[in-house]
Amino acid sequence: MTTAPTAALGDRELALRDRARQVIPGGMYGHMNVEAFSSAHPQFMVSGEGCRVTDADGREYFDLMCGWGPVVLGHRHPGVTAAILDQLERGDCLDGTSPVAVEYAELLVDTVPAADWAMFCKNGTDATTTCVTIARAAAGKRKILVANGAYHGAAPWCALRGAGVTSEDQAHLIHYEYNDLASAEQAAAEAGDDLAAILVCPMRHDVRRDQELAEPEFARGLRALADRTGAALILDDVRCGHRLDLGGSWEPLGVRPDLSAWSKALANGQPLGAVTGVDALREAARSVYVTGSFWYAAVPLAAGLATLRELRKGQALPDMLRTGTRLREGLAAQAKTHGYKIRQTGPVQMPVLYFAGDDLSLGTAWAEAAVRRGVYLHPWHNWFLSAAHTDADIEAILDRTDEAFTDLRRSAR
Ligand code: PMP
C-alpha cells in the first residue's frame with residue numbers, strides 16, 4: 001500500500017501556533033516544543049484512540065511516542081477509561097485521598113519485589129525528588145551520585161539545562177559514567193562520609209545518543225557500593241517502568257533498589273507518579289514532608305489501579321516485545337534495501353534509530369518524512385510501543401516507514 005505524504009503543516013496547526021506564540025512563551029515549552037526537533041511534526045493533537053493520534057487538522061498518525069511514554073495500553077483503553085469515568089462521577093480531588101490509594105499501593109507492593117511500601121505523586125520529577133529526599137533523611141547525608149547526561153527531571157537540583165539553574169542547586173551532585181563502575185566508585189570516594197544515594201536509570205536512555213543497556217556487573221557493582229557505603233540505591237524507573245518488567249526494570253538482572261521512582265506508564269496517561277521502597281527506609285519515608293495539592297486525586301489512582309490490573313493479566317508486555325521485535329527487524333531490512341546504515345539500540349519496546357555518521361540531519365529528515373507519511377516518531381528521543389499496537393498496525397507502520405526511506409533517498413538526489 002502507499003500513502004500520499006502530507007505537504008506541509010495544516011492551516012489549523014499554523015493558526016494555533018500563531019495564537020500560542022502570543023500567550024505561551026516560545027509557543028510551547030519543554031519536550032513538547034516540536035520546533036526544537038522538527039519542521040514537520042504537528043504541535044497540537046486533538047484525540048487519540050488505540051495506537052493512533054489525530055492532529056488539529058484531522059490528520060491521523062500511527063503513534064510511536066505514546067504521549068512520550070505514559071500510554072502503555074493504548075489511548076482510551078476501555079478498562080482504564082471506565083475506571084476514570086466511574087471515579088470521576090464520584091469525585092476526584094476530595095478532602096482526603098480515596099480508598100483506591102490503599103488498594104493500588106497494595107497491588108504495587110505485591111507486583112514489585114523491591115517494594116514494601118508505596119507513596120503517590122504526580123510526575124517523574126516528584127518521584128525522583130522524593131526518593132532523593134528520603135535517602136538524605138535516612139542517611140543524614142547530602143551527596144547524590146548521578147550518571148553524566150542522565151535525565152531525572154526538570155527541577156533545578158537535577159535539570160540538565162543551565163538557564164535559571166545555579167551551581168548551588170546542584171552542589172551535592174557528583175557525576176559518574178553510566179556502565180563504568182570504577183567511575184562510580186571514584187565518585188563515592190569523592191563524597192567521603194557524606195554520601196546519601198546512588199541514583200541510576202535502568203538503562204542509559206539519554207537523548208541524541210545510542211541507548212545502552214545496563215551491564216549486569218555494573219548494576220551489581222552499584223548495589224554492592226550502596227551496601228558498602230550505606231547509601232540508598234535509587235532506580236529511576238520513570239521512563240522504563242511497567243513497560244519492560246512489571247516487577248521493576250532491574251528484576252531481570254536480579255538487582256533490587258532500595259527506592260524506585262515511577263511515573264509515565266503507571267496510569268496509561270493519567271498524571272501519576274509513585275515512589276516505592278524497602279522496609280529499612282519506611283521510617284525515613286514517613287519522616288519527610290512531601291506533598292502536593294493534586295497528589296491524592298482519586299481519578300489518576302483509579303486509572304493506575306486499572307492499568308496495573310490489566311498489565312498483570314500478562315499479555316501486554318509480551319505483546320510489546322513481539323511487535324517491537326518485528327518493527328526493529330522491519331526497519332533494519334528497509335534501511336538495508338534503501339542503502340542506509342542505521343543503528344537501533346535499547347529495548348525493542350523503547351526503540352531509537354540513528355543513521356551512521358549522521359549529525360542528526362538525516363535522522364531528522366527521515367523522521368519528518370515518516371510523520372508526513374502518517375507515523376509519529378522522534379529523531380533523537382526514544383520512541384515507545386504500546387500494547388495497542390497490533391501485528392497489523394506494525395505492518396502498516398512499516399509500509400509508511402518504507403515510503404519515508406524512499407522519500408529520503410529522493411530528497412538527497
Ligand atoms: N526520570 C526519567 C528517567 C525520565 O525519563 C523523566 C521524564 N522524561 C523524568 C525522570 C521526569 O519525569 P516528569 O517529566 O514526569 O517529571
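All ligand and atom numbering here is 1-based and tracks the order in the structure. The first residue of the sequence shown is numbered 1, and numbering continues consecutively from there.
- Within ligand 1, the atoms closer than 4.0 Å to a non-hydrogen atom of Y151 are 1 (N), 2 (C), 3 (C), 4 (C), 6 (C), 7 (C), 8 (N), 9 (C), 11 (C), numbered from 1 in the order shown.
- Side-chain contact of D236 with T128: a donor-acceptor pair under 3.5 Å is absent, judged by distance alone.
- Annotation for R19: atom CZ does not count as buried by contact number, only 12 or fewer foreign heavy atoms lying within 6.0 Å.
- Note: no N/O pair closer than 3.5 Å links S263 and ligand 1 by distance alone.
- Here is the list of ligand 1 atoms found below 4.0 Å of a heavy atom in G124: 11 (C), 12 (O), 13 (P), 15 (O), 16 (O).
- Taking every non-hydrogen atom of D236 and a distance limit under 4.0 Å, the qualifying atoms of ligand 1 come out as 1 (N), 2 (C), 3 (C), 10 (C).
- Atoms of ligand 1 found under 4.0 Å from any heavy atom of H205, numbered from 1 in the order shown, are 3 (C).
- By the salt bridge (Lys or Arg N to Asp or Glu O under 4.0 Å) test, D279 pairs with R282, sequence neighbours left out.
- In the model, Y296 has a side-chain atom that pairs as donor or acceptor with a side-chain atom of T291 under 3.5 Å.
- Note: W366 and F405 meet the aromatic proximity criterion, with ring centroids under 6.0 Å apart.
- Side-chain contact annotation: N382 with H205, donor-acceptor N/O pair under 3.5 Å absent.
- Taking every heavy atom of R239 and a limit of under 4.0 angstrom, the matching atoms of ligand 1 come to 5 (O).
- Backbone and side-chain nitrogen or oxygen atoms of T128 are examined, and none is located within less than 3.5 angstrom of a nitrogen or oxygen of ligand 1.
- Close approach of ligand 1 to G153 is summarised as follows: ligand atoms under 4.0 Å from at least one heavy atom of the residue are 10 (C), 11 (C).
- For atom 14 (O) of ligand 1, the closest non-hydrogen atom on the protein side is T125 OG1, 4.3 Å.
- Crowding of R76 atom CZ: a count of heavy atoms from other residues, nucleotides or ligands under 6.0 Å not exceeding 12.
- The part of V238 lying near ligand 1 is the side chain, judged by heavy-atom distances below 4.0 Å.
- The shortest N or O to N or O distance between D126 and ligand 1 is not under 3.5 Å.
- Selection from K122, H152, H31 by nearest heavy atom to atom 10 (C) of ligand 1 gives H152.
- Every N/O-N/O distance between C201 and ligand 1 stays at or above 3.5 Å.
- Within 6.0 Å of the CZ atom in R326, the count of heavy atoms belonging to other residues, nucleotides or ligands exceeds 12.
- Within a 6.0 Å radius of CD in Q186, no more than 12 heavy atoms belonging to other residues, nucleotides or ligands are found.
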